[in-house]
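Report on the following structure.
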Amino acid sequence: MGLTTKAEWSESLEPRDVVRRQYLASAAGDLEALRATMAPDVEWTEMAGFPLAGTYRTPEGVTSNVMEILGRDWDGWAAHDDSYVVDGEDVVVLARYTATNKATGKLLDVRVAHHFVVRGGLIVRFEQFVDTLKVAEAASNL
């Protein structure tokens, strides 16, 4: 098995590569590149209990209702992707969120799991799993 070039990897339609590009775009704050990884009818679900809980549709809906709000409320919000489990179009990523809440100054460092479904080289569905109590504690002055 040979190594692929950066150009081949950045154009790959393989589900793992599409998801990895999503994480890289998010880390770079490149919302245009992030939207380019998503299908026009994407369904993006933030877990119940998470500050942005709900299901968002369209790439613009996802970035304006999730990524832009996270950037507004948290300093240095990052999703650090660690491990990938791929089964056909399903990609599960074990990751970690780190950030500092702007209102409280409290640090967040919590493990998460993300489930993506990728079809035709685009993310069609996302579901987040996270310890929402840890997020709430970092966002609370209590």
Side-chain angles (χ1 to χ4, degrees), residues 3-142:
L3 297 175
T4 59
T5 66
K6 183 177 179 187
E8 290 170 331
W9 178 82
S10 68
E11 296 172 6
S12 170
L13 300 181
E14 290 299 315
R16 184 194 190 287
D17 296 337
V18 172
V19 170
R20 179 67 178 138
R21 281 196 302 276
Q22 179 273 151
Y23 281 102
L24 292 172
S26 180
D30 187 342
L31 297 183
E32 183 177 335
L34 182 61
R35 287 188 290 267
T37 66
M38 299 179 207
D41 59 347
V42 65
E43 290 186 7
W44 190 279
T45 302
E46 299 288 319
M47 188 170 173
F50 190 71
L52 305 172
T55 298
Y56 304 94
R57 290 173 175 78
T58 78
E60 294 77 16
V62 172
T63 55
S64 65
N65 290 296
V66 179
M67 286 67 180
E68 290 178 19
I69 304 296
L70 291 172
R72 180 194 73 197
D73 295 345
W74 299 83
D75 280 325
W77 183 274
H80 309 274
D81 52 325
D82 297 329
S83 302
Y84 286 66
V85 179
V86 181
D87 183 18
E89 63 186 18
D90 292 292
V91 180
V92 174
V93 180
L94 303 178
R96 178 173 300 283
Y97 289 153
T98 59
T100 302
N101 186 272
K102 290 181 180 180
T104 67
K106 292 181 182 177
L107 298 176
L108 174 68
D109 186 347
V110 64
R111 295 291 290 163
V112 301
H114 293 155
H115 175 223
F116 295 86
V117 177
V118 179
R119 287 189 194 120
L122 294 171
I123 297 165
V124 297
R125 195 166 43 245
F126 165 87
E127 187 173 6
Q128 169 202 58
F129 300 90
V130 62
D131 184 343
T132 57
L133 178 59
K134 296 280 189 195
V135 179
E137 289 173 345
S140 171
N141 281 317
L142 299 178

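Remember, predicted model here, so these are calculated numbers, not experimental data.
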Minimum heavy-atom distance between V118 and I123, given as atom pair plus value: CG2-CG1, 4.2 Å
Atom pair CD1 (I69) and OG (S64), whose distance is rounded to the nearest 0.5 Å: 7.5 Å
Rounded distance (nearest 0.5 Å) linking atom CG of D41 with atom OG1 of T58: 10.0 Å
Heavy-atom pair with the smallest gap, counting every atom of A48 and A53: CA-CB, 3.9 Å
Verdict with supporting geometry, D75 and K102, side-chain contact (heavy atoms from CB on, under 4.5 Å): CA-CA 6 Å; D75 280 325; K102 290 181 180 180; 3.0 Å; yes
Sub-4.5 Å side-chain heavy-atom contact between E68 and L31: yes
H114 vs V92, side-chain contact (heavy atoms from CB on, under 4.5 Å): CA-CA, chis, key distance, verdict: CA-CA 6 Å; H114 293 155; V92 174; over 6 Å; no
Shortest non-hydrogen contact between V93 and V91, atoms and distance: CG2-CG1, 3.9 Å
Inter-residue atom distance F129.CZ - T45.OG1, 0.5 Å rounding: 9.0 Å
Pair T63-R35, side-chain donor/acceptor within less than 3.5 Å: yes
Which atom of V130 lies closest to which atom of F50, heavy atoms considered: CG1-CD1, 3.9 Å
Heavy-atom closest contact (V18 atom, G121 atom, distance): CG2-O, 3.5 Å
Non-hydrogen atoms of L122 and P40 that approach each other most closely: CD1-CD, 4.4 Å
From R21 atom CZ to L34 atom CG, the distance as rounded to the nearest 0.5 Å: 12.0 Å
Check against side-chain contact (heavy atoms from CB on, under 4.5 Å), Q128 and V112: CA-CA 7 Å; Q128 169 202 58; V112 301; 5.6 Å; no
Value rounded to 0.5 Å, distance of CG in D81 from CZ in R16: 7.5 Å
Pairwise side-chain contact, D131 with R111, heavy-atom cut-off 4.5 Å (strictly under): no
D82/R96 ion pair, N-O < 4.0 Å: no
Residues forming a side chain to side chain donor-acceptor pair (under 3.5 Å) with R57, sequence neighbours excluded: none
Distance (rounded to the nearest 0.5 Å) between Y23 OH and F116 CZ: 4.0 Å
Identify every side-chain donor-acceptor pair in residues 134-142 under 3.5 Å, counting partners at least two apart or on other chains, and give the distances.
residue: S140; atom: OG; partner: L142; partner atom: N; Å: 3.0

Ring centers of F126, W44 separated by less than 6.0 Å: yes
Intermediate values then yes/no, side-chain contact (heavy atoms from CB on, under 4.5 Å), V42 and V124: CA-CA 4 Å; V42 65; V124 297; 5.7 Å; no
